[in-house]
Visitor: 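Following this message is one structure expressed as structure tokens.
Just so we're clear, the structure is a prediction, and the values are computed from it rather than from any experiment. Reminder, nothing fancy here: chain letters follow the sequence lines and each chain counts from 1.
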Number of protein chains: 2
Amino acid sequence: MDIREVFARNLRAARQAKGLSQEELAHRADIDRTYISSLERSVYNASIDVVERLATVLDIEACELLKRPPKEMPTELDD
Amino acid sequence: MDIREVFARNLRAARQAKGLSQEELAHRADIDRTYISSLERSVYNASIDVVERLATVLDIEACELLKRPPKEMPTELDD
DNA sequence: GTGTGACTCTTAGTCCGTA
DNA sequence: GTACGGACTAAGAGTCACA
């Protein structure tokens, strides 16, 4: 799984958790609306300052937006 | 403090903690040596895929490279 | 082993639309 | 409110020679 997909999912999840629209998030982070849309569709490799700005608006650590989701485990079969 | 400075410091710290030279890190991450140098001097806002690649070689989470250091008390004598 | 200026090429990021 | 395209500008990605 590509890091930009991870970022895309985390971004969308965090945004929705905050109850913000792409428009509103874009406005608050001073980023273009269509670019937010692109980021959530894994179109670009965002730079760390964009990650930082978005994290600030979303009231979380930049760090959180790059965290890979924990692996779903087949309940009894571990390798 | 700019996020790219945070990244620069964390990168250098993590690299040295691993006992790697810029050259060696560059080689393992398949990145140019001088580009690593630039990143450690806060020249660029690295994109998240570069952060990811470096983190992988350094055997840490991409996340760790973006963590801001805990606030120092105002000593002013620190670099 | 590292810093730096100069350089090219690619991509991030903006702004305009339409659906 | 969101996806997506085209055209554009700013900045990153990547390399080199030289200190």
Visitor: Below 4.5 Å, heavy atoms only, C-beta onward: do Leu39(B) and Val50(B) meet side chain to side chain?
Guide: yes

Visitor: Using a heavy-atom cut-off of under 4.0 Å over every strand shown, decide if Ser37(B) touches base, sugar-phosphate, or nothing.
Guide: base

Visitor: The side chain of Glu23(A) is closest to which nucleotide in this list: dA3(D), dG12(D), dG1(D)?
Guide: dG1(D)

Visitor: Any luck finding a side-chain donor-acceptor pair between Ser37(A) and Arg33(A) under 3.5 Å?
Guide: no

Visitor: With a 4.5 Å heavy-atom cut-off, do Leu58(B) and Leu20(B) have their side chains touching?
Guide: yes

Visitor: Identify which nucleotide among dA3(D), dG13(C), dT4(C) has an atom closest to any side-chain atom of Tyr44(A), counting heavy atoms from C-beta outward.
Guide: dG13(C)

Visitor: Counting any heavy atom closer than 4.0 Å, what does Ile31(A) reach on the DNA or RNA strands: base, sugar-phosphate only, or nothing?
Guide: sugar-phosphate

Visitor: If you check the Arg33(A) side chain, which of dT2(C), dT2(D), dG12(D) turns out closest?
Guide: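 Given the options dT2(C), dT2(D), dG12(D), the side chain of Arg33(A) is closest to dT2(D).
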
Visitor: Check every atom of dG14(D), dC15(C), dG13(C) against the side chain of Asp32(A) and return the nucleotide holding the closest atom.
Guide: dC15(C)

Visitor: Which nucleotide in the list dC15(C), dT2(D), dG14(D) gets nearest to the side chain of Ser21(A)?
Guide: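 Given the options dC15(C), dT2(D), dG14(D), the side chain of Ser21(A) is closest to dT2(D).
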
Visitor: Taking the nucleotide of DNA chain C with the closest heavy atom to each, which residue, Arg12(B) or Ala46(A), is nearer the 5' end?
Guide: Arg12(B)

Visitor: If you assign each of Ile36(A) and Val43(B) to its closest nucleotide in DNA chain D, which residue comes earlier from the 5' end?
Guide: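 The residue closer to the strand's 5' end, by nearest nucleotide, is Ile36(A).
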
